[in-house]
Protein chains: 2
Amino acid sequence: METMQVDGVIDGDPYHADCPTRRILDRIGDRWTVLVVGVLGDGDARFSELRRRIERISQKMLTQTLRSLERDGLVRRTVHPEVPVRVEYGLTDTGRTLLEPLRALREWSIEHVDAISTAQAAYDDAASS
Amino acid sequence: METMQVDGVIDGDPYHADCPTRRILDRIGDRWTVLVVGVLGDGDARFSELRRRIERISQKMLTQTLRSLERDGLVRRTVHPEVPVRVEYGLTDTGRTLLEPLRALREWSIEHVDAISTAQAAYDDAASS
DNA sequence: CGGCATCCTTGCCGATACTG
DNA sequence: CAGTATCGGCAAGGATGCCG
């Protein structure tokens with residue numbers, strides 16, 4: 001249980017260490033983060049609601065993803081001290097700014113998914129001959 | 001279970017396992033693909049040049065990433081039959097269309113990386129107290 | 001130079017059990 | 001309801017060696 005809150009990344013090679021692109025991609029690159037942000041883009045949601053709307057996510061990964069996003073200041077967690085406890089998640093202002101580039105990516109996906117599938121089939125076909 | 005049709009979302013049930021978004025994100029979501037495409041966005045490059053410009057990438061991952069991109073029809077591979085062999089990689093027309101959403105993401109990263117670092121520090125600081 | 005094949009470590013992530 | 005804790009499988013990816 002050590003505290004790993006050092007601000008500096010482990011120094012390795014020149015050029016790469018402080019690359020913002022990589023740092024962000026390491027965070028939002030996993031398949032759950034984008035989906036969670038996408039759902040929260042529709043409005044605040046409770047934990048169990050998120051679980052329902054993101055079909056295959058496990059409880060562990062949802063918690064983990066939400067914690068990371070909260071740590072990054074992209075998601076706000078609100079605990080309502082009722083019985084039973086109600087916890088609501090929502091995007092912060094910063095988190096909301098992420099919706100735009102994510103949507104661009106999503107639109108690109110939909111636009112090119114067919115071309116990609118075709119290219120894959122052609123590639124595989126050529127390889128097997 | 002009815003599909004929750006929410007405004008701003010691409011489809012009624014966009015977060016299912018085989019939706020285009022997830023399929024594409026599974027592919028370009030890894031940290032190498034985005035970097036490779038980014039470098040190739042500056043122009044064609046040889047294998048060794050890509051290795052140099054993407055510092056931490058191993059030969060294995062570079063090859064693997066390039067193969068995937070080639071299979072998806074996003075990258076073109078050209079072998080020049082010289083001695084020694086020269087192999088050049090470049091974006092296809094489809095691949096070039098990916099630069100735009102990727103640039104949006106990169107700009108978002110640069111714009112918010114400081115805020116995220118600050119938020120992380122604050123989060124960790126609050127947790128350790 | 002630009003790979004491919006192999007071994008082997010790392011850590012992601014699911015499954016499960018327990019708490020407040 | 002909304003988590004935390006722990007174990008374990010398995011795939012991603014690094015290291016190394018060989019080839020056209």
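Please read these numbers as outputs of a predicted model, since none were measured by experiment. Protein chains get the first letters and strands the later ones, always in sequence-line order, with residue 1 at the start of each.
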Among pairs that include at least one residue of residues 65-111 of chain B, which meet ring pair (Phe, Tyr, Trp, His ring centres under 6.0 Å), considering only residues two or more places apart or in two chains? Trp108(B)-His112(B)

Footprint string (nucleotides 13-20 of chain C, 5' to 3'): B base within contact, S backbone only, - free, heavy atoms under 4.0 Å: BBB-----

Salt bridge (charged side-chain N to carboxylate O under 4.0 Å, His left out) partners of Arg106(B), counting only residues at least two apart: none

Roughly, in whole Å, what's the span from CG in Leu66(B) to C1' in dC1(C)? 14 Å

So which nucleotide from dC1(D), dA2(D), dG3(C) ends up closest to the side chain of Val87(A)? dA2(D)

Which residues pass the side-chain hydrogen bond (donor to acceptor under 3.5 Å, both in side chains) test with Ser117(B), sequence neighbours left out? Arg23(A)

Tell me every residue that passes salt bridge (charged side-chain N to carboxylate O under 4.0 Å, His left out) with Arg67(B), counting only those two or more places apart in sequence or in another chain. Glu70(B)

Helical bend (five base pairs per end, nearest 10°) for the helix from dC1(C)-dG20(D) to dG20(C)-dC1(D): 50°

Can you name the side-chain hydrogen bond (donor to acceptor under 3.5 Å, both in side chains) partners of Thr33(A), sequence neighbours left out? Asp30(A)

How would you label the contact of Arg51(B) with the nucleic acid (heavy atoms, under 4.0 Å): base, sugar-phosphate, or nothing? nothing

Partner residues of Leu62(B) under the side-chain contact (heavy atoms from CB on, under 4.5 Å) criterion, sequence neighbours left out: Val36(B), Phe47(B), Leu50(B), Arg51(B), Ile57(B), Leu66(B)

Which ones in residues 76-83 of chain B lie close to DNA chain C, meaning a heavy atom under 4.0 Å from one of its atoms? Arg77(B)

For dG3(C), does either OP1 or OP2 sit under 4.0 Å from a side-chain N or O belonging to Tyr89(B)? yes

From CG of Asp26(A) over to C1' of dC12(C), roughly how many Å is that when rounded to an integer? 14 Å

Leu50(A) CG - dA2(D) P separation (whole Å): 9 Å

Report whether Leu102(A) and Leu99(B) are members of the same hydrophobic cluster (ILVMFWY, side-chain heavy atoms less than 4.5 Å apart, transitive linking). yes

Within less than 4.0 Å of OP1 or OP2 of dG2(C), is there a side-chain N or O belonging to Arg46(B)? yes

Partner residues of Glu107(B) under the salt bridge (charged side-chain N to carboxylate O under 4.0 Å, His left out) criterion, sequence neighbours left out: none

Length of the CZ-P vector between Phe47(B) and dG3(C), whole Å: 5 Å

Considering all heavy atoms of both residues, which atom of Val85(A) and which atom of Val87(A) are nearest to each other, and what is their separation? CG1-CG2, 3.8 Å

Contacts of Asp93(B) that satisfy salt bridge (charged side-chain N to carboxylate O under 4.0 Å, His left out) - sequence neighbours left out: Arg96(B)

In this structure, how many angstroms lie between the P atom of dC1(C) and the CD atom of Glu88(B), rounded? 15 Å

Where at least one partner belongs to residues 75-84 of chain A, residue pairs that pass salt bridge (charged side-chain N to carboxylate O under 4.0 Å, His left out), sequence neighbours excluded: Glu82(A)-Arg86(A)

